[in-house]
**Student:** 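Here's a structure for you.
For the numbers below, each heavy atom of this structure counts, side chains included, while hydrogens, waters and symmetry mates do not.
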Amino acid sequence: MKRVAALFVLMVTFVLVASIAHAGQIRTYVAPFTVTGMQNKDELRGTLQSLLASRLSSDILIVLDSPAGADVTVVGSYIIFGKVFSIDAVAKDAAGSVVARAFVQGESQDQLIPSIGKLAKELAGAIEKRIVSGAAPVPAPRSGGVAAPVPAVKRPESREIDRSEPVVPSSPDVVRTAPDKAATPGSLSQRLSGSLVGLAPGTLRQNGAREWYVINDHALRLYLQEDKYKLLAEISYRPNEYLLGIDTADLDGDGVPEAYVTVMKGESLSSEVWIFQNGALRRIADGLPYFFRGLSLAGGSRKIYVQQMGLNATSPNTSTGYGRTSSDFYDDVYELVKSGDKYERKNPIKLPDQAFLYNFNMFRGEDGQDYFVVLNDDGYLIVYSMSGDELWRSTDKYGGSALSFKREDAIFARVTGSPYRSVFLQQRIFTTRDGDVIVPQNSGTFVFGTQRSYKKSAVYGFAWNGASLEEKWHTKPIQNYVADYYYDSANKELVLLEVVKKEGAFTEGASMISVKRVE
């Protein structure tokens, strides 16, 4: 009888182990990486963790969000020497025994993502071979006795809508903190070719149709928004000319807004001004050595503000983040004034610490006082008094932009091995007459240093309560990167420029314009 019982236990154990091996149920957890020899270690630890986890996931390896219940835990390290990096990973089972080891190395940051994919492939193969073949120890039981079988996980069919919760067709675009107000859905444009990077409003016609200027790296376009977006005109630029921004304002008061295009030719600014006249785009100024930004300070009239770029690309100061130095945005921010056919700078603005043309605005509180609001290089919202004292700083990060330009820098090269710094241009901050502060939030699985890939976004509205910025509303999650946006305060509409497909070496990107009502 004892011999029969023992045989039964052996058979049950064999079946349970086989179920793990053949049902594809190796529960795997990837721990945050250790990072050596690089700035922004905290962000990079999680980024590498996410990259490896997403590439390890398969029908056999089920990647968990926490170590609880994991059959295998993967611990990785990232080390960089100059521009050469090495990534090492060790996989251990529940008993602490080593199941697999793998490492990869590369000679530049451009090889990082392919290297992670190679590492994941080698690691997954080794884990599956050891555990599925039974060469590795069976994961230790979690409650004593015979190890419990891991239930088979049926993967859902791929579909665009997750119906785990009821879909409400009339659900609002904006989620309100206060329940007494709601927002109504807006509209979507058709698919627009290219990964567009900038958006600005043109003329509002008498029939209510709106013109929209958009740019990509090498082209300026003007669309008319009717039932569909109709292309009215397009200007192409040379390969060595890069468009960094598009802004509009009616500085001469003739009722037709001018388009102010920030253009980088080589490593110098040579910005331009265009108008749409007689059915065509006409350039009315060029060679302007300024970065342009359209702002409605404290909810006032929309004006164009400018800042210069330093001639010396190398700054003796320490980098202030992601490669930006004090030489990149030189001198104060000025208001741009149009006098006939000429432009001149007037009314300089002394900005607070960490602020430059592309990351600030002003709002007016209920106390009648004006305040600066700044998105610093790390993505935190900061409120300053007009005298420059920091009053408040957010705990969450906002902004996030993939738009940048490069500058040759000898000091930076000695630190990183790359002769160029990438200088990122932060997202816009809109402010309204009511004192609202509006800012987007892009997030993604690969965001550190000069490597950025945003996957989703949202837009938030805040109000100053006298001590901090308090959230009033936010949009539902947007499953695209928001490259630029505009807030129409008169109609209470958010107009978002979303990149739905990134450009590749052999593929053309795609974008769309979406409108969300904030009521």
Side-chain angles (χ1 to χ4, degrees), residues 170 172-174 183-216 219-236 243 245-262 272-284 292-296 299-304 338 428 430 432-433 438 440 459 475 478 480 482-500 509-519:
S170 59
D173 285 322
V174 173
T184 56
S187 63
L188 301 177
S189 74
Q190 74 271 24
R191 194 180 183 93
L192 305 177
S193 63
S195 294
L196 302 177
V197 299
L199 169 83
T203 300
L204 179 62
R205 299 192 177 184
Q206 292 183 351
N207 62 357
R210 167 75 80 178
E211 296 172 0
W212 290 101
Y213 288 93
V214 298
I215 60 168
N216 62 21
L220 166 67
R221 301 179 196 164
L222 179 63
Y223 285 97
L224 178 64
Q225 178 190 3
E226 295 179 313
D227 292 337
K228 290 188 175 181
Y229 281 70
K230 177 184 177 182
L231 181 62
L232 299 179
E234 181 173 8
I235 302 295
S236 297
L243 276 57
I246 176 71
D247 290 275
T248 54
D250 183 11
L251 298 191
D252 55 14
D254 64 354
V256 178
E258 307 90 38
Y260 295 82
V261 186
T262 301
E272 303 172 349
V273 185
W274 294 79
I275 59 171
F276 185 64
Q277 191 175 66
N278 299 325
L281 284 168
R282 182 170 70 88
R283 185 169 53 198
I284 60 175
F292 292 135
R293 189 67 139 181
L295 294 169
S296 301
S301 59
R302 188 171 179 81
K303 299 178 181 180
I304 299 296
K338 188 174 188 291
R428 301 178 189 272
F430 272 89
T432 70
R433 291 184 182 275
I438 300 171
V459 181
T475 62
I478 301 165
N480 296 310
V482 172
D484 200 3
Y485 76 110
Y486 176 77
Y487 181 65
D488 184 345
S489 57
N491 296 311
K492 296 187 180 298
E493 290 182 339
L494 274 172
V495 183
L496 307 178
L497 180 63
E498 302 180 33
V499 176
V500 299
S511 306
M512 73 174 184
I513 299 173
S514 64
V515 180
K516 301 182 184 297
R517 300 186 185 278
V518 183
E519 296 179 350

**Student:** Quick one: CD on E226 to CD on E211, what's the gap to the nearest 0.5 Å?
**Tutor:**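 It is 10.0 Å, given to the nearest 0.5 Å.
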
**Student:** Quick check: do K516 and V459 have side-chain heavy atoms less than 4.5 Å from each other?
**Tutor:** no

**Student:** In Å, rounded to the nearest 0.5 Å, how long is the span from OH of Y223 to NZ of K228?
**Tutor:**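 It comes to 13.0 Å.
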
**Student:** Looking at every heavy atom in both L281 and Y213, which two are closest together, and how far apart are they?
**Tutor:**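 It is CD2-CE2, 3.7 Å.
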
**Student:** Measure the shortest side-chain to side-chain distance between D252 and D250 over non-hydrogen atoms and say whether it is less than 4.5 angstrom.
**Tutor:** yes

**Student:** Applying side-chain contact (heavy atoms from CB on, under 4.5 Å), name anything that partners S489, two or more places apart in sequence or on another chain.
**Tutor:** Y487

**Student:** Tell me every residue that passes side-chain contact (heavy atoms from CB on, under 4.5 Å) with N491, counting only those two or more places apart in sequence or in another chain.
**Tutor:** D488, E493

**Student:** Between R428 (side chain) and Y486 (backbone), is there a donor-acceptor pair under 3.5 Å?
**Tutor:** no

**Student:** If you define the side chain from C-beta out and look only at heavy atoms, does anything of L222 sit under 4.5 Å from W274?
**Tutor:** no

**Student:** Look up atom OG1 in T475 and atom CG in L496, then write down how far apart they are to the nearest 0.5 Å.
**Tutor:**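 Interatomic distance, T475 OG1 to L496 CG, rounded to 0.5 Å: 7.0 Å.
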
**Student:** Do I284 and R282 come close enough that some side-chain heavy atom pair is under 4.5 Å?
**Tutor:** yes

**Student:** Are side-chain heavy atoms of V518 and I438 found at a separation under 4.5 Å?
**Tutor:**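 No, side chains not in contact.
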
**Student:** Is there side-chain contact between N480 and V499, with heavy atoms separated by less than 4.5 Å?
**Tutor:** no

**Student:** Say you draw a straight line from NZ of K303 to CG of L251; how long is it, rounded to the nearest 0.5 Å?
**Tutor:**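 That separation rounds to 9.5 Å.
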
**Student:** Just jot down the side chain to side chain donor-acceptor pair (under 3.5 Å) partners of R191, sequence neighbours excluded, or say none.
**Tutor:**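 R191 satisfies side chain to side chain donor-acceptor pair (under 3.5 Å) with no residue once adjacent residues are dropped.
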
**Student:** Under the side-chain contact (heavy atoms from CB on, under 4.5 Å) test, which residues partner A219, sequence neighbours left out?
**Tutor:**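 side-chain contact (heavy atoms from CB on, under 4.5 Å) check on A219 returns N216, E234.
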
**Student:** Which heavy atom of G294 sits nearest a heavy atom of I304, and at what distance?
**Tutor:** CA-CD1, 3.9 Å

**Student:** If you round to the nearest 0.5 Å, how far is CD of E498 from CG of L192?
**Tutor:**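 Going from the CG atom of L192 to the CD atom of E498 covers 11.0 Å.
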
**Student:** Within the structure provided, determine whether R205 and L224 are in side-chain contact (heavy-atom separation under 4.5 Å).
**Tutor:** yes

**Student:** Are Y485 and F430 an aromatic pair, judged by ring center distance below 6.0 Å?
**Tutor:**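 Centroid separation for F430 and Y485: below 6.0 Å.
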
**Student:** Closest approach of V500 and S511, non-hydrogen atoms and distance?
**Tutor:**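 Heavy atoms only, the tightest pair is CG2-N, 3.9 Å.
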
**Student:** Donor-acceptor pairs under 3.5 Å, side chain of residues 193-203 to any protein atom, not counting sequence neighbours: which ones?
**Tutor:**
{"from": "S193", "atom 1": "OG", "to": "R221", "atom 2": "NH2", "distance (Å)": "3.3"}
{"from": "S195", "atom 1": "OG", "to": "K501", "atom 2": "O", "distance (Å)": "3.3"}
{"from": "S195", "atom 1": "OG", "to": "E503", "atom 2": "N", "distance (Å)": "3.1"}

**Student:** Contact between V495 and I513 at the side-chain level, heavy atoms closer than 4.5 Å - yes or no?
**Tutor:** yes

**Student:** Does one side chain, of E258 or Y260, offer a donor that lies under 3.5 Å from an acceptor on the other?
**Tutor:** yes

**Student:** Which residues satisfy the side-chain contact (heavy atoms from CB on, under 4.5 Å) test with N278, sequence neighbours excluded?
**Tutor:**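 Here no residue qualifies.
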
